[in-house]
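Data block below; observations after.
Worth knowing before you read on, the calculation uses all heavy atoms, side chains too, and leaves out hydrogens, waters and symmetry mates.
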Amino acid sequence: MLGRITQRSLAMNALTNLQSTQARAAKFQEQITSGTSLPKGSEDSVRAAAALRLNDQIAVNTENSRNLDEARGWMTTQEPALDSTTSALQKVRDLTVQAGNSALDANGRAAIAKQIREIKNTVLGDANTQYQGRAVFAGTSATTTAFAVTTPYTSNDDGGSVTRTISPGVTTSVNISGNSVYGAQTPGTTTVFQELDTLADDIEAGNLSTSTVSLSTIDSRINLATNARAVIGAKTNQLDHADDVNTTQLQYLTSQLDDVQGVDPMKAYLEFNQQNIAYQAALQATAKTVQVSLLDFLR
């Protein structure tokens, strides 16, 4: 049996079609505004889960990149300090050889001793270099000085390793132990600062031949600083490689995320215009098709 088509049913069908067309236009408008084809997770749970997973991975990548930048900050702070220390100790070696000249008088020895004490202060400043208010040669200690500035130059280096995760599954140490370069090498021995004080005193007193600080002692300190610089160089290469890995991974993850929820702005704009035109046409057609009569007001 055929149902009777009434003015009311025509109006309801027209209204349904109008709402559907308007909803499609609104969807494309929201995509254009938000820049994503997945504004609501409820619209596609599978794509929403994939987008969430990719966003989590991008967040981890971003954190690794921040860690890498901080690790590079430690390296670029320690390296020039070690360079300065190496140059300073080379100067001390040259002065020590000069002080061994038997023709040198007391004034000459005093001048050399003064220079060595000044160099000691430079090396002490290198050892207490800071990064973001923290002594870089003090291990995991949060102190601002790795070594006390007065004799016996007590070390605050706890020997701890400052680590940062710089790429997926890769954690590296970013610090050089201050004790390994500036501190006592074995129990009962002295720091490089004490050695320089002793050397300066012995040169000034004319006791260089019997001094406990020899050229081999200075050479050992130079080697320690040089080896530390080599470690910094190797770690810097590791950071460069990790940076390349992170950059490549971020590009891949961003591309994957764009595939899952990306929007082609031009295509979305065209679709929006088409739906908007269709909506306007439907409005005009409905106005002509659905005529309001006096009986509609009397019901």
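Here the closest heavy-atom approach between residue K120 and residue D197 is recorded as NZ-OD1, 2.9 Å. Minimum interatomic distance between I232 and M75 (heavy atoms only, all atoms of both residues): CD1-SD, 3.7 Å. The shortest non-hydrogen separation linking A99 to L208 is C-CD2, 3.8 Å. Nearest heavy-atom pair, A225 versus T86, reported as atom, atom and distance to 0.1 Å: CB-OG1, 3.4 Å.
In this structure the side chain of I203 reaches within 4.5 angstrom of the side chain of I116, judged on heavy atoms. Here the side chains of T190 and T198 are not in contact, with every heavy-atom distance at 4.5 Å or above. The closest side-chain heavy-atom distance from V162 to S173 is not below 4.5 Å. Counting heavy atoms from C-beta on, the side chains of I218 and I222 come closer than 4.5 Å. N227 has its side chain out of reach of V181: every pair of non-hydrogen atoms, C-beta onward, lies at least 4.5 Å apart. Taking the side chain as every heavy atom from C-beta outward, L215 and R93 approach each other to under 4.5 Å.
Residue I112 forms a side-chain contact (heavy atoms from CB on, under 4.5 Å) with just one option from Q98, R117, E204, and that option is Q98. In summary, of the residues considered (T77, T76, D83), a side-chain contact (heavy atoms from CB on, under 4.5 Å) with E79 occurs for D83 alone.
D240 and K235 are not joined by a salt bridge, as no carboxylate oxygen comes within less than 4.0 angstrom of a charged side-chain nitrogen. Salt bridge R221/E195: present, at least one basic N to carboxylate O contact under 4.0 Å.
Atom CZ of residue R53 and atom CD of residue Q256 lie 9.0 Å apart, to the nearest 0.5 angstrom.
In this structure, I119 is a member of the same hydrophobic cluster as L89, with clusters built from ILVMFWY side-chain heavy atoms closer than 4.5 Å. Under a hydrophobic-cluster definition in which Ile, Leu, Val, Met, Phe, Trp and Tyr are linked whenever side-chain heavy atoms come within less than 4.5 Å, directly or via other members, L250 and L54 are assigned to the same cluster.
Side-chain N or O atoms of N156 include none that pairs as donor or acceptor with a backbone N or O of A148 at under 3.5 Å. Side chain of S84 to backbone of P80: no donor-acceptor contact under 3.5 angstrom is found. Judged by distance alone, the side chain of N175 and the main-chain N or O of G160 form a donor-acceptor pair under 3.5 Å. With hydrogens and angles ignored, the 3.5 Å screen pairs no side-chain donor or acceptor of D157 with any backbone N or O of A146. For the pair Q249 (side chain) and N61 (backbone), a donor-acceptor distance under 3.5 Å is absent. One N or O on the side chain of T143 and one on the backbone of T145 form a donor-acceptor pair closer than 3.5 Å. With D202 contributing its side chain and N207 its backbone, the two residues share no donor-acceptor pair below 3.5 Å. The backbone N or O of L239 sits nowhere less than 3.5 Å from a side-chain atom of D243 that would complete a donor-acceptor pair. Using modelled atom types, one side-chain atom of R109 and one backbone atom of L104 make a donor-acceptor pair closer than 3.5 Å.
The aromatic rings of F193 and Y153 sit tilted, their planes meeting at an angle between 30° and 60°.
Under the 3.5 Å distance criterion, with hydrogens and angles disregarded, a donor-acceptor pair is assigned to the side chains of S214 and S216. A donor-acceptor pair shorter than 3.5 Å can be found between the side chains of T171 and T165. No side-chain donor from either of S87 and Q90 sits under 3.5 Å from a side-chain acceptor of the other. Between the side chains of S155 and N179, at least one donor N or O lies within less than 3.5 Å of an accepting N or O. For the 3.5 Å distance criterion, the side chains of D158 and T140 qualify, holding a donor opposite an acceptor. Side-chain atoms of T85 and D126 form a donor-acceptor pair, as typed in the model, at a separation below 3.5 Å.
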**OP:** For side-chain hydrogen bond (donor to acceptor under 3.5 Å, both in side chains), just list the numbers for Q194 and T191, CA-CA rounded to whole Å, side-chain angles, deciding distance to a tenth of an Å, and then say yes or no.
**Re:** CA-CA 5 Å; Q194 291 169 291; T191 65; 3.2 Å; yes
